[in-house]
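Here the structure is laid out as C-alpha cells; the discussion comes afterwards.
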Protein chains: 2
Amino acid sequence: MQADPATWPSAGSVDPEQACPVAPVVDIVFSRWTTPILWTLNYQGRQRFIELQRRIGSITPKVLTQRLRQLERDGLVVRTYHPEVPPRVEYEISDLGRSLAPLFAHLAEWATSHLDDVEQARRAYDGNPAATRPSAVPDAGSVMSTANR
Amino acid sequence: MQADPATWPSAGSVDPEQACPVAPVVDIVFSRWTTPILWTLNYQGRQRFIELQRRIGSITPKVLTQRLRQLERDGLVVRTYHPEVPPRVEYEISDLGRSLAPLFAHLAEWATSHLDDVEQARRAYDGNPAATRPSAVPDAGSVMSTANR
DNA sequence: CAGGATCCCTTGGGATACTG
DNA sequence: CAGTATCCCAAGGGATCCTG
C-alpha cells in the first residue's frame, strides 16, 4: 500500500501538538491501558468494573479507575451506577467511543501486516552495528513489561 | 490477527498486549513526539537534524535524538550520514514508515470530526457534577504543558 | 463491589553544558 | 552540525490497605 504525502493533511505550524493534527487524538486514546479498555468494552459489550479488570488482566483497580474516569470524561465510555447493595457499576462504550472502532481495526490491520517488519528491522539494527551510526541506542529495547514484580 | 472472544484465555491474567492487538502498535508509534516527527518527515520529506528540530519546535535535541533512534531501529525512519565537515545527517521516512500514512490520515480524520465532541463531553463532565458519580477525577485534565520552564 | 488513599518506582522528557 | 553527558522533574503505573 503506497502512500504519497498528498494523503496527509497539511502540517500546520510548529508546536508539538500542532505540527501534527493527530497528536491530540494520541493524548486521548493511546495510553498504556486505554486501548485494551476500549477494545474490551467494544468487543465484550457492557460489563462491570471487576469483569473489566479480570478481562484486562494485569491492570490494577486504581489505574483502571483512572483510565475509566478519563474515558468517561472524554465521552468515550458511559458509566452506569446502580444504587444497590452491594454497589454495581457498569461500563459500556459510547457512540463516540464506538466511532473509533474502524480506526482500531485499521490499527490492528497494520499490526498484522507490518509488525513483523518492525521486529525484523530491530533485529537487523541490533545485530549489525553500522560504522556510520552513533555508538549506541540510549533507550533501545524498552519494550519491557513493567507488569510484574 | 482478529480478536475472537472465544479464543481469549479465560484463566490467568492477560497481558495488555494480548487483550488488545493494537497495543504493540501504540508502543511503537504513539509516544509524545513520534507522531510529530513522522508527520513532519513524511510531509516535508528528507531533512536534516536541525531542520527537523526547528520544524517540530519545542523538542530538545536529546529527545529528538532518542525518538529518531528508536524510529530508525524500528525501521520507520532512515538515517543517512554524510561524512563531511561539518557533519551532515539526513533523515527520511522509510517505506514501512510511509505505510502508516493512511492510518495517520484516518486518525486526523477522526480528529477533525470528533475532537469537538470530546471537548464538549469534557465540559459537560466538568461543569455538571452528577450525584451518581465519584467525587473527583484523579488525574482529569492532564494535558499539562511540560514544555517550558 | 467499586473505588479512595498512600507510597514508591520507572520513564519520557526538559535544561544545560560539552565534544567530534 | 549532530549529537553526548548529566541532572532533574512530573506523570503514569504498580502494590497495599482501607471504606461507603
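So you know, we letter chains A, B, ... as the sequences are listed, proteins then strands, and number each from 1. Just so we're clear, the structure is a prediction, and the values are computed from it rather than from any experiment.
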Choosing from [options], which nucleotide comes nearest the side chain of [X]?
X	options	result
B/T65	D/dA2, D/dG3, C/dG3	D/dG3
B/V89	C/dG14, D/dG20, D/dG3	D/dG3
B/P86	C/dC1, C/dG3, D/dC1	D/dC1

Reported [atom1]-to-[atom2] distance for the pair [X] and [Y], which is rounded to 0.5 angstrom:
X	Y	atom1	atom2	result
A/L64	A/I50	CG	CD1	10.5 Å
B/L107	A/L107	CG	CG	7.5 Å
B/R67	B/L38	CZ	CG	11.0 Å

Measure [atom1]/[X] against [atom2]/[N] and give the value in whole Å, please.
X	N	atom1	atom2	result
B/L64	D/dC1	CG	P	14 Å
B/Q53	C/dG14	CD	C1'	12 Å
B/I56	D/dA2	CD1	P	14 Å
B/Q70	C/dG12	CD	P	8 Å
A/F49	D/dG20	CZ	C1'	15 Å
A/L68	D/dG12	CG	C1'	16 Å
B/Q66	D/dT6	CD	P	14 Å
A/Y91	C/dC1	OH	P	15 Å

Within-4.5 Å side-chain heavy-atom neighbours: B/N42 and B/F104 = no

So do the side chains of B/L76 and B/I28 get within less than 4.5 Å of each other, counting heavy atoms only?
-> yes

So does B/R32 get a side-chain nitrogen or oxygen closer than 4.0 Å to the phosphate oxygens (OP1/OP2) of C/dT11?
->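 Answer is no, no contact under 4.0 Å.
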
Think B/R67 has a side-chain N or O under 4.0 angstrom from the OP1 or OP2 of C/dG12?
-> no

Toward the 5' end of DNA chain D, by each residue's nearest nucleotide, A/V63 or A/P87 | A/V63

Result for 5'-nearest mapping on DNA chain D, choosing between B/K62 and B/R48, is B/R48

All heavy atoms of A/L115 vs all of B/P24, minimum pair found to be CD2-CB, 3.8 Å

Take the C1' atoms of the five end pairs on each side of the helix from C/dC1-D/dG20 to C/dG20-D/dC1, get both axes, and report the angle to 10 degrees.
-> 50°

Which is true for B/Y81 with a 4.0 Å heavy-atom rule: it touches a base, it touches only sugar-phosphate, or it touches nothing?
-> nothing

A/Y43 and A/W39: ring-ring contact (aromatic ring centres under 6.0 Å, His included), yes or no, with the steps?
-> CA-CA 6 Å; A/Y43 281 93; A/W39 187 275; 4.7 Å; yes

